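Remember, it's a predicted structure, so these values are computed and weren't measured experimentally. Each ligand, and each atom within it, is numbered from 1 in the order the structure gives. When a residue number appears, it is its place in the shown sequence, counting from 1.
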Amino acid sequence: MVKDRKLIIAGNWKMNKTAAEALDLVNGIKRELANVKEVDIVVCPPFTALAGVSEALLNSNIRLGAQNMSENGPGAFTGEIAAPMLKEFSVRYVILGHSERRQFQKEPDDLIARKAAAAHASALKPIVCVGETLAEREANITEKIVGSQVRGSLAGLSRELVEETVIAYEPVWAIGTGKTASAQQAQDVHAFIRGVLSEMFDDATARRVRIQYGGSVKPSNARELMSLPDVDGALVGGAALEARSFADIIRNSI
Ligand code: PEP
């Protein structure tokens, strides 16, 4: 199916890969995907590998992303990384509010909104993650949870900036579990999110925002998921740690 939004497929390497291992992986991905222009391809290594991966990606069709950043500018914030430090390595995207950070670092929506604003202020495109837990899905409150995450995490953004924001719908129960949302479940929530964007902004803006699906995406399910009308890409964890499987997801999505 031809969509008017370009697919964006990003690999979230999480807390995996030393700098040397990251170079091997990115060089493999580059070889596999050298001629792909139909999809925006992004890799998000850990901070310690950004410098090396950035150099390896010079003049390539693959963009660099980070997995988190501070809502603050440079200063006395021990252990944090500020947007200009990412820019130095030609980082273009930054994952914000991943469910692991929401769970383990207790990141709330208003913090994610401040990080998103800080990212845009440095011309970084945020990939803002939302998604319900299994208990929330079973309690039939998926829309309530996801709706309030979208509203809270994008609060304060202008129409222009939200169009430069990517949303990743990642049902928490599907992350790293091998369980994927069914095509219908994914499409329903993606359409719901687009409806929330229409209410927050307007229809035209909502139509331009790219919404990725994440949660056990692999080569065998990528084609079906990426062909859904409101699914505009994928955020891939486990299957992004191996060049061939990440490349197969992308090839199967075109
Ligand atoms: C993720 O963590 O963003 C993710 C989707 O992981 P996985 O693909 O391993 O489920």
**Q** At less than 4.0 angstrom from any atom of ligand 1, which residues have a non-hydrogen atom? List them by chain and residue number.
**A**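 Lining ligand 1 at under 4.0 Å, by heavy atoms, one finds Asn12, Lys14, His98, Glu170, Ala174, Ile175, Gly176, Gly214, Gly215, Ser216, Leu235, Val236, Gly237, Gly238.
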
**Q** Any donor-acceptor pair under 3.5 Å linking the side chain of Tyr213 with the backbone of Gly215?
**A** yes

**Q** Would you find a donor on one side and an acceptor on the other, under 3.5 Å apart, between the side chain of Arg151 and the backbone of Val196?
**A** no

**Q** When you look at CZ of Arg5, are more than 12 heavy atoms from neighbouring residues, nucleotides or ligands closer to it than 6.0 Å?
**A** yes

**Q** For Arg101 and Leu96, indicate whether the former's side chain and the latter's backbone hold a donor-acceptor pair under 3.5 Å.
**A**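 Answer holds: no.
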
**Q** Looking at His190, is its backbone amide N or carbonyl O close enough to the side chain of Asp230 to form a donor-acceptor pair, meaning the two atoms are under 3.5 Å apart?
**A** no

**Q** Taking the hydrophobic residues Ile, Leu, Val, Met, Phe, Trp and Tyr, and joining any pair whose side-chain heavy atoms are under 4.5 Å apart, which ones share a cluster with Ile145?
**A** Ile141

